[in-house]
Every structure is written in structure tokens, then in C-alpha cells.
S.K.: 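Below: one structure in C-alpha cells.
Lettering follows sequence order; numbering is per chain, from 1.
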There are 2 protein chains.
Amino acid sequence: MRPTVHDIAAEAGVSLATVDRVLNRRPGVRRQTVEKVENAVTRLGYVRDVTAANLARRRVYPLVFIIPSGPNSFMRVLESEIASAMARSGVERTAIRIETVPPFDPAAIVRVLDALDPKQVSGVALVATDTPEVRAAVDRLSDQGVQVATLVSDLPGSRRVHFCGIDNVAAGRTAGNLIGRFCGGRSGKVLVVAGSMNLSDHMDRAAGFAAVLGREFPGLDIVGPIETNDDADTVRDAVTSALDQVSDIIAIYNLGAGNRGLIEALAHRRDRTLSVVAHEVTEHSRQALSDGVFDAVINQDCGHEVRSAIRVLKAHADGISPLSEQERIRIDIFLRDNLP
Amino acid sequence: MRPTVHDIAAEAGVSLATVDRVLNRRPGVRRQTVEKVENAVTRLGYVRDVTAANLARRRVYPLVFIIPSGPNSFMRVLESEIASAMARSGVERTAIRIETVPPFDPAAIVRVLDALDPKQVSGVALVATDTPEVRAAVDRLSDQGVQVATLVSDLPGSRRVHFCGIDNVAAGRTAGNLIGRFCGGRSGKVLVVAGSMNLSDHMDRAAGFAAVLGREFPGLDIVGPIETNDDADTVRDAVTSALDQVSDIIAIYNLGAGNRGLIEALAHRRDRTLSVVAHEVTEHSRQALSDGVFDAVINQDCGHEVRSAIRVLKAHADGISPLSEQERIRIDIFLRDNLP
DNA sequence: GAATTTCTGAGGTACGTAAATCAGAAATCC
DNA sequence: GGATTTCTGATTTACGTACCTCAGAAATTC
């Protein structure tokens, strides 16, 4: 049986009330006595029964998720994952609110962040546009005691406590490695399509991709990246005209969203054998994989990301540091055959 | 606020004791009254507070993990994952015991299974050799009310409640797809190395691999599978002699263990460009990936598998069916660049 | 040494559920 | 219709922790 507060009180030779004061860092205990209790805790290997504690204190964690609105499939999947986390609110003692903001609009994010009442919110998770204003707003909120985590795209240099997402440089390298091998020694050009260079995830992927191609596949030259603001129609038009104008494109890497546009652009040309790698498993990309239009899709499990964000924000709100092992999000590679 | 048992008692117009009897399926309640309570439950949307319930009933789940002994790195990783689950026992209200048995020894598994006291064990997770004796022993245990889950390798047709592992046919297909593409249109032979055809995971992988190669890459012919009993030295010797005897091997798929032997066999021959795909991220395979000896490693997250097994066994012990979504184990593909 | 201030102990209630006891109501049997 | 059996209600204790109050001990100040 694991020890309880009663055991500690007995071991330390103090009363239950004193143990409680020490454990919950309440004032009114002499330094000496604090040490006696803390020694007893380590001697007995006491760990607080979090479930009993939460039951007793009727704690709820008010959390806010800020995500882009718009047709981006990945963001809609993310939203549905947050929704299903909301359904578990009762069990997990969370009170989750979703705030959607127009995509690529830093000012809108800042407005939402600044409108939050630090006393009413214990944590915020946001898909951040990487600009100074957003960073400043995050830091303001952090300073007021609100735990902030970035989701999907990071805000390096800010006072966010955690980034819930993948290592995007490694994801870009992975894409480079895949495309390099799929091209099997052929030479030619690789078209890179991106959403926005204001998103740190897109920037990182582009950098990782370029690094691998430059180092390991010198026969492949990069065209782009083209910026599309993650708009499918823009992607379609840009890819179509690139394929028309540049003759020796043998591979395409879409490191942003708008896969629908990419699929549409490729639908017309069955003539050439293009290696295509994209990101995020959605309705469209899943179909493209099984049709053989995409060769591989790199994915981040956004269900895992949302659950991780909640765990991390709760832990930080309680002053605990979360288990890093469980919070690392993997870079998934999906081919047609291992699609979940 | 979510409703409590008190609210239900009030809503149904019965006492707390009756609600408790209905919720916990204890006898002594008239059919009519049961319905009244159940209606109140659905009307109010009551869900039991599992943490409070566990607190009150001081429930612990005695679980047994049965895994092979021996030098197999993957199994040792699995063991360490179980060990870290044991460290969480206090929090998760489990009492986990590990039983190691000699690998490829069905009789040993049967002995351990039969020695278990059904009254003292609520669940068992085992890495099963797929033989009739083992299946019979599992069924006997199931009939005595012990929940059994298979781990890593399944026991199809048995009365196990769940398989905690990957879809190994799909894993084999994935390997086939990767090797096919990595070979980039070249023709030649692919050496397939397996551990034992008494392991259903190995059988499934071989089948999936062969299916994809036959259907999509007609230029590639399979040599093998060679059976090695997952012994590294056997793998080394078998691969070495196969490479000596068969001239046009251009790829190797090791669908079992013993990666160390494969690496040793390849260390001597830098002359040819072999595509190599293996299973499970371990110390050896990780090194081989970053050295460029292996091109890809297909992995199952055994930390996830162990955690899933615990959740599933606990849920079944309580007569609850677990959320299938969270319990699906992914087929991870790792290249050098997305190694965790 | 008296008056403070600071610390500590004892005791209680609460969280939501499980489980037990016991008394009494309702249904069933003879 | 009385005896039995089956059902139901009321009440209590417990789980491990949080948090509150109040009395009194100990240390500090004047």
C-alpha cells in the first residue's frame, strides 16, 4: 500500500493539518517543521493521490484553444479532436473553449489573447502565426500566470511553456529523404509548395527539405517554395503553371495545406511519373494515397497533439512538469499500405 | 456540473442504495425500478466518476505480462516498458507481474498460464506463439474469467479479448511498397528473413510483403523466407551465405528479429547497393539507420502497446469496452531523419 | 513578565462513489 | 391471512485529500 498523508503525519510526528500545509505550500509552518515533513515524504516515498486530491478540491481547468477558421482540412480535423476532448471534459475536469480566428491574421490572434481574463483561464493552446505581435501577446499572458502552449506551429523565443507538435525540420528532412529515394537516382527539379513563410512549421520544413536534397541528392534541384496561403485554388493554379513552364519537374513536395488543389492539378496529367509527398492525412490526401496520386504523406497525429496539450497545460497549471516521453509527437509516414 | 448518484436518486424517486445497486448490477432490485433508474441515468446523462469510484472501492487490477526471455532487443525494450508501467502502478491501481519464458517454447507459456490463479489475476497479456496448446490454455483461462490480451503477436481464433499490436499484413505490405520503390524499377531478387513461422506476426508480414511484390513489382522475386528463430548469429550466417550464393539480390527484408546479425553480415560488403528494410527500432537498428546500412525500419511503439494492454485489460475486467480509437497501434515508418 | 505574534494540533466537513447494515414495505407462498 | 421471501429505503462508514475553524502552545516583542 502506498503511504497516505496520515502515514506522513505519524512519521514526521506532526499533525495532519501541518502535513497538509506543507504539501500545499500554505503558510504558517516553521522552517524546521517543513523539513521534518519533507524528510518523511521522501523517506516513505509519498506521492499525492492526484485523483483524490482533484476530487476533494473540485478543480477544473478552464482551457482555451485558438485555431484558424477556414476550409483547411487539417484544422477542421484538429477542431474535431478538440471537440472530442470537450466531450471528455467531465472526466478530465477541463472546461474547454474553442476560439477560431481568420487564418494568417496575427492581429486577430492578438485580439483574442488580449481579451482573455487571466483569472478565468488556466491555459491556452494556440496555432500561432510567427510574428512579433503574437509573441508579445503570448508573453503578456504568460506573465499574468496563464500557461500557454503552441500547437502545430511553434513560437520560438516566446514564453510558451511547451510546443505540442512535431520537429518540422526533421519532417522536412524526412520528405527530402523520401523524395530523393523515390526518384531513384534520376536528375531533375523538385517543386516545393508552401503555405506561408510566416508559419514557423512551414519555414522549418522547407529548411530541412533543402538541407537533405542539397547534401544527399545533388541531382535534384528545388523550384520554389511557392507561397499559396494554404489556399487550395491557389495551389492548383500555381502547380499547374509550374508544371507547364518547367519541363523537368520530377517530384513535388507540398509542405503546406491545400492538398485538394494539388490533386486537381495532377488529375489532368497522367503522362508523367511524378513523385509526390504531402503533409497531413485528411479526406483528400487519404484518397490521393490510395489512388496512387500521392506516394507518401507525412502526418502529425493531431488527436495526440490535443490530448498532449491538455495534459501539459494541466500539469503546468499545477506546477508539475509533464513526462516528456509521452508528450513527444511523432513524425508519421504513411504510404498507401499503412494508412490507419 | 455533471450529475451525481444523488441527482439520479432524486430524479428516479428512489434511494441512493437502489441507484447504487442498479449501477453496479447488484441483485435485489425489481425490473421496473431498474428501468426507472436507467431512464434517469440517460435523462440526466450521468456518467460515473471513475476516479471517485476507484477511490471508494480501493480496486487494484492484478495483471500478468508473459514475454520471452533471451537477448531479443525488442523484447527487452518491451520489458522495460512494462517495468515503467509497474512504476506507475500506484497511480493506475495496477499490480503488475512479469513472467519471462524461453522463446519459441509453447509448453513453457502453457505452464505459466496454467499456473495462474484465476481468483488472484484479473488480466494477462502475453506474447503468444501461435500453436494449438497455447490457444487452448488461453481459452481455459478466459473461461475462468481472466481477461487475456495478446501482445505483439496474435492468437487468432482464441478467446483473447484484444490484440495489442499492429496489423502485420499491412506492415508487410508497407515493407514491400518501400522496397519496391527504393529499388526504383530495377529487377532482381529480394531476400526475406524471418524468425519463425509459428509466430503469427511473422507469417502475416511475409504474406503482406509477398502480395505487394507480386502485384506491383513484378521485377522483384522473393528468396526465402529463411527461418532463423530470431537468433542474430543465425541471421548473420544465413544472410552471408545467401549473398554469396545468389548473385542478384538487390534488397533484404528482415521481418523478424536478429538485426545485429544482419548488420554484421552487411558490414563486410560495401560493394553493392542493397535496399534494406527491417523491423523495430532498437539500439542496433537505430545505429544502422543513421549509418545508412538500413534504409527504413518499420516499428511498433511498444510503450503504447503496453499502456494499451493495461487499459484494455482493466476495462474488460470492469465489463467496459475500451475506446477502439485510442487502442489502435500504428505502423510507424522510420527513416534516418524522423527517428525519435 | 505581560502582550503579541506566529506556529501547531485537533477536529470537522466535503468531494462522488462503494458497500454494508438494518428496518420496513411489498410480493409470493402455503 | 399469516409466514416467508424478495425488494427497497435510510443511514452510516470509508477511500485519500483539501480546506476550514478554533483553541492552545511556542516563540517573539515590548
S.K.: Kindly point out which of dA20(C), dA18(D), dT21(D) is positioned nearest to the side chain of A17(B)?
M.R.: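 For A17(B), the side-chain atoms sit closest to dA20(C).
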S.K.: Compare the minimum distances between each of dG9(C), dA10(D), dG16(C) and the side chain of L55(B), then state the nucleotide with the smallest one.
M.R.: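 Nearest to the side chain of L55(B) among the choices is dG16(C).
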S.K.: How is N24(B) classified with respect to the nucleic acid when contacts are heavy atoms under 4.0 Å: base, sugar-phosphate, or nothing?
M.R.: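 Counting heavy atoms under 4.0 Å across all strands, the contact made by N24(B) is with sugar-phosphate only.
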S.K.: Roughly, in whole Å, what's the span from CG in N54(A) to P in dT17(C)?
M.R.: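 Between P of dT17(C) and CG of N54(A): 15 Å.
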S.K.: Below 4.0 angstrom from OP1 or OP2 of dA10(C), is there any side-chain N or O of S15(A)?
M.R.: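 So the side-chain polar atoms of S15(A) never come under 4.0 Å of the phosphate oxygens OP1 or OP2 of dA10(C).
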S.K.: Taking C-beta and beyond as the side chain, do I329(A) and F163(A) meet within less than 4.5 Å on heavy atoms?
M.R.: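 No, their side chains stay 4.5 Å or more apart.
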S.K.: Using a 6.0 Å distance limit plus a 45 degree cone around the ring axis, check whether R59(A) lies over the aromatic ring of Y61(A).
M.R.: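 Yes, a cation-pi geometry holds between R59(A) and Y61(A).
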S.K.: Is the phosphate of dG9(D), meaning OP1 or OP2, less than 4.0 Å from a side-chain N or O of T18(B)?
M.R.: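 Yes, such a contact exists.
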S.K.: Would you kindly give the CG-to-C1' distance between D20(A) and dC15(C), to the nearest whole Å?
M.R.: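 These atoms are roughly 15 Å apart.
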S.K.: Can you figure out which of dG16(D), dG16(C), dT8(D) approaches the side chain of D49(A) most closely?
M.R.: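 Selected nucleotide: dG16(D).
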S.K.: Can you work out whether A52(B) or R26(B) has the more 5'-proximal nearest nucleotide on DNA chain C?
M.R.: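 Upstream on the strand: A52(B).
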S.K.: Below 4.5 Å, heavy atoms only, C-beta onward: do D130(B) and V134(B) meet side chain to side chain?
M.R.: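 Side chain of D130(B) against side chain of V134(B), heavy atoms only: no contact under 4.5 Å found.
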S.K.: For the pair R328(A) and D167(A), find out whether any cationic side-chain nitrogen is under 4.0 Å from an anionic carboxylate oxygen.
M.R.: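 A salt bridge is absent here (no side-chain N lies under 4.0 Å from a carboxylate O).
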S.K.: I want to check one thing: is the phosphate of dT6(C), taken as OP1 and OP2, less than 4.0 Å away from some side-chain N or O of R30(A)?
M.R.: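 Checking dT6(C) against R30(A), no side-chain N or O comes under 4.0 Å of OP1 or OP2.
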S.K.: Give the rounded distance in Å between these two atoms: NE2 of H6(A) and P of dA18(D).
M.R.: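 Computing the H6(A):NE2 to dA18(D):P distance gives 12 Å.
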S.K.: Check every atom of dT8(C), dT21(C), dA18(C) against the side chain of R21(B) and return the nucleotide holding the closest atom.
M.R.: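 The listed nucleotide nearest to R21(B)'s side chain is dT21(C).
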S.K.: Rounded to whole angstrom units, what separation is found between the CD atom of Q32(A) and the C1' atom of dT8(C)?
M.R.: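 Spelled out: CD on Q32(A) to C1' on dT8(C) is 13 Å.
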S.K.: Nearest to the side chain of R57(A), which nucleotide is it out of dC19(D), dA14(D), dC15(C)?
M.R.: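 That would be dC19(D).
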S.K.: Contact class for V14(A) (heavy atom, under 4.0 Å): base, sugar-phosphate, or nothing?
M.R.: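 Here V14(A) touches the backbone only, sparing every base.
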S.K.: Measure the distance from CZ on R58(B) to P on dA19(C) and round it to the nearest whole Å.
M.R.: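 The answer, rounded to whole Å, is 10 Å.
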S.K.: Select one nucleotide: of dG9(D), dT17(D), dT8(C), the one nearest the side-chain heavy atoms of T4(A).
M.R.: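 For the T4(A) side chain, the nearest candidate turns out to be dT17(D).
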S.K.: Counting heavy atoms from C-beta on, name the nucleotide in dT21(D), dT17(C), dT17(D) closest to the side chain of R48(B).
M.R.: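 Given the options dT21(D), dT17(C), dT17(D), the side chain of R48(B) is closest to dT17(C).
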S.K.: Counting only N and O atoms by type, is there a donor-acceptor contact under 3.5 Å from the side chain of S158(B) to the main-chain atoms of V138(B)?
M.R.: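 Checked: no pair found.
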